[in-house]
Student: 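Take this structure first; my questions come after.
First the proteins, then the strands, lettered A, B, ... as listed; each starts at 1. Remember, it's a predicted structure, so these values are computed and weren't measured experimentally. All heavy atoms count here, side chains included; hydrogens, waters and symmetry mates do not.
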Protein chains: 2
Amino acid sequence: MGRNSSSNGAPGSAAPRIALTVGDPCGIGPELVLRALLDERASAARILVVGDEDVLRRTARELRVRWPFAAVDAEPPRSTRWTRPHLLAVPGQAGEDGYGTGLISAPGGRAARAEVERAVQLARDGLVEALVNGPVHKESLALAGNGDDAGGHTDLVARLCEVRDVGTLLVAEGFAVGLLTGHLPLRDALRKVRTSRIVDRLGLYDGYLRRVVGRPPRTVVLALNPHRGEGGRVGTEELREIGPAVEAARERGLLVSGPVGGAEGFARAADGEFDLVLAMHHDQAVVPLRMLRGFDSAAVTVGLPFVRATVTHGPAMDLAGRGTASPASLLRAIETAARHAAAFASTVAGEDNGRAPGATRSEVREVPAD
Amino acid sequence: MGRNSSSNGAPGSAAPRIALTVGDPCGIGPELVLRALLDERASAARILVVGDEDVLRRTARELRVRWPFAAVDAEPPRSTRWTRPHLLAVPGQAGEDGYGTGLISAPGGRAARAEVERAVQLARDGLVEALVNGPVHKESLALAGNGDDAGGHTDLVARLCEVRDVGTLLVAEGFAVGLLTGHLPLRDALRKVRTSRIVDRLGLYDGYLRRVVGRPPRTVVLALNPHRGEGGRVGTEELREIGPAVEAARERGLLVSGPVGGAEGFARAADGEFDLVLAMHHDQAVVPLRMLRGFDSAAVTVGLPFVRATVTHGPAMDLAGRGTASPASLLRAIETAARHAAAFASTVAGEDNGRAPGATRSEVREVPAD
C-alpha cells in the first residue's frame, strides 16, 4: 500500500482480481468507475476494468478526473503479478456518431452487453476471481436485441454461465438481505411465498454466507402481512407458509428465526443481531435497506460459478456526465466482491473442489436446450 | 412557559386541550404517559389524562417518576383556564387482583376501552379539542368482549363517533405518509389498488393537510411493483390504476406527482420536497418510515369529528414495567394533535361550521343500523 504517488493505496499482488464492467456508456457508469478507482477502498482488489477506452478517456477529460489506469490492454494480463488497475479495452459499439450521453439506446445496450460477455469469460477462464458490474439499462439491453427474452443484467450473466435459478443478496455494512423473488409483479411474488421456496432460498443464502462470515449465519425471516398477520386475522402466509419454513430450516440446523415484521427485522439486523434478513418480496428488501444505508449497498448474485457483485441502482441517465453521482454502491460492490472472493479462495479447495461458490451441485442447473 | 418550578414549561391557557388515554394498563402506556408529561414537548397542549389513578400512582412509585398532575378529578374540569396536566380518573376494571403487568387480559382490555369511551365523549362534548390515545392490545380488547366485531383501536374510536371509512396519516418530522389501506392481508390490499380509491384518499388527505400546513400539500404517490412496474413489464397497476389516479387528482387541482418507487418517494419527502407520501399498502408506509424516523412518528385518524392522534407502536407487553420504553411516539402524537387542533381552530369556524376536521359531509357517514 502507498508505495506509489497516487492518493489511493495499491492492492497487494495477493488481492483478488476483479473484472469490473463499466456498464452502459450513456449512463453514470463511466464516471463512477473512474472515481471509484481513485478511492482508497478500491485497493481491496486488483481491478481489471472492461470497457470502452474512448468513453473513459472522454469522461476523465470532461470531469477532470485523473486517469487511474496503469495500462490499457487489448488482452487480459497473463502475468498474475499486476496490482494497479488495468483497462481491458473492448471495441466501441457506437460507430462514428458516438454514444448519446443520457440516452437509452441500442449502441449503449450493445456496449454494455459486450463488456459483460467479455468479463464473464474472464471469470470462467479463471483470469479473475470475481466480477463486478456497473449499471446497465434494461431497455437499452432490449434495444440491443439479445435475440431472446432479454431480462435484466443478472439474467444475462446467468445465461452466459449456463446457470438458472440464481438468488440475490443485498449486502450492506453489517448484514445482508436475501430476496425470495426478484423482478416480479407484487401480485405474482405473493404466489411464490411458499414453504418450499423459502426453505430453498434459506439453504442457498446460508450456504453462501456461511463461507463468507466463517460460521453459520444468524438469519431472520420477514413476515408478509401487516403485524405478522396477527395470528391469522390479517393474512395466513405467516401460519401456513413462512412459519413452517422457519421450522423446517431449523430442523436442518440453520440458525433461523421469525417471521418478524419488516421494521423489527431490519432494526435488529442493523443492531448486529442478524447476518441475514430474508425478505418475502423485492421492495420489502430494497426500500428499508435504502432508508438505512442510502446507496451504500451492493447486490451479490448467488449460484454462479464465481463471485459477482453489482450496484444497487440503475445507470441514472438523467445524472450522466455531471459528475455528481455517488460511487458508494460501486465501492461497496468492489469491497464485497473482494472480500467474498478471498473467503471462497480460502475454503473452496477443500470443500467444493473449486465449483460454484454458494451453490451446491443441485442448484447449478443447465439451461434446457430450448 | 416556565412560570412554575417544574422541569417542563406549562402550556398557556390558549393551548389546545387534549384528552390523553393511558391505553392498556398492562403495557407500557402508564410509564409512557408519566414520562411524556414531564417532557418539555408536552407543553404544546393542556393535557387531561384519562386513566386509572391506582395504576398511574403505582407506576410512578415503582419507576420513581415524579407525579405530574396538578389535580385528580372525577369529572372533567369545567373551567377552561386550567393549564397543567389533570387526571380524569376512570373506575378500575381489574377488581381486587389488580392488572397483570405484561399480560394480555380482559381487565386490561376493559380498562382501555373504558378510557377511550370516556375520552371520545369529552371530545364530542367539546371539552377537549383533540384526542390522543396510548397503546392498546387488540387481543385484550377482544377478550374484553365488545359484543361486535372488535377490530382495533381506530375502529373503536370511529364506531363511537358513528363514522366509518376513516383514513390514516402517519405524521413525522417534515412530512406525512397516507395509507391507502390499513390492516388487511397484503393479498387483499392489492385488490384495493384502484383508481377510484386512490383518488378518494388523495382528496381526503389533501383536504386535511391543506388546513394543517396552510397551503395545498405537495404529494407523491408510490408505485406498487418493483421499479415502478417497468412500463408494464413488472406489473400493470402503475399504468392502469395509479397513473390515472394521479392524473385525475391533478385535474382536480391537487399538487400530486408519481408514481415513484418507495425509496425515491421517501427520500424526496425526507429532503423536504413533499408534504405527503401516499403508500399503496400498510407496510410500504410503516417500514420505511420506521427506518427513517425510528419511533418518532404518530398516527392521525382523518375523517373523525375531531383531531385524533395515537402512537405508532403497540403496548409492548414484554417491556412493561421496566421504564425503558421510549415516549418518542407519544410525544410526537401530543405535539401533532396540538398543532393540528390549533390549525383547525383557526380555520374551522369560517370554512366548516365546526364540523369534522378533514372530512367533508360525504365522508362522515353513519354506521348502518345493523
Student: Which atoms form the tightest heavy-atom contact between A/H282 and B/P226, and what is the distance?
Tutor: ND1-CB, 3.5 Å

Student: Return yes if some donor-acceptor pair links the side-chain N/O of B/N225 with the main-chain N/O of A/P185 below 3.5 Å, else return no.
Tutor: no

Student: What pair of heavy atoms forms the shortest contact from A/A263 to B/R290, and how long is it?
Tutor: CB-CG, 3.7 Å

Student: To the closest 0.5 Å, what do you measure between CD (A/E230) and CD (B/E139)?
Tutor: 8.0 Å

Student: For the CZ atom on B/R240, are there more than 12 heavy atoms of other groups (residues, nucleotides or ligands in this structure) within a distance under 6.0 Å?
Tutor: no

Student: Less than 4.5 Å apart, side chain to side chain, heavy atoms only: is that true for B/M291 and A/L289?
Tutor: no

Student: Looking only at heavy atoms, which two atoms of A/H281 and B/L186 are closest? And how far apart?
Tutor: NE2-CD2, 4.1 Å

Student: Under a 4.5 Å heavy-atom cut-off, does chain B meet the side chain of A/V286, its backbone, both or neither?
Tutor: neither

Student: At a heavy-atom separation under 4.5 Å, does A/E264 approach chain B through its side chain, its backbone, both, or neither?
Tutor: neither

Student: Look up atom CG in B/D283 and atom CG in A/D283, then write down how far apart they are to the nearest 0.5 Å.
Tutor: 12.0 Å

Student: Under 4.5 Å heavy-atom distance to chain B, tell me which part of A/L184 shows up: side chain, backbone, both or neither.
Tutor: backbone

Student: Does any heavy atom of chain A fall under 4.5 Å from the side chain of B/L190, the backbone, both, or neither of them?
Tutor: both

Student: So does A/E273 have more than 12 non-hydrogen atoms from other groups sitting under 6.0 Å from CD?
Tutor: yes

Student: Below 4.0 angstrom, N of the basic side chain to O of the carboxylate: do A/R187 and B/E237 qualify?
Tutor: yes

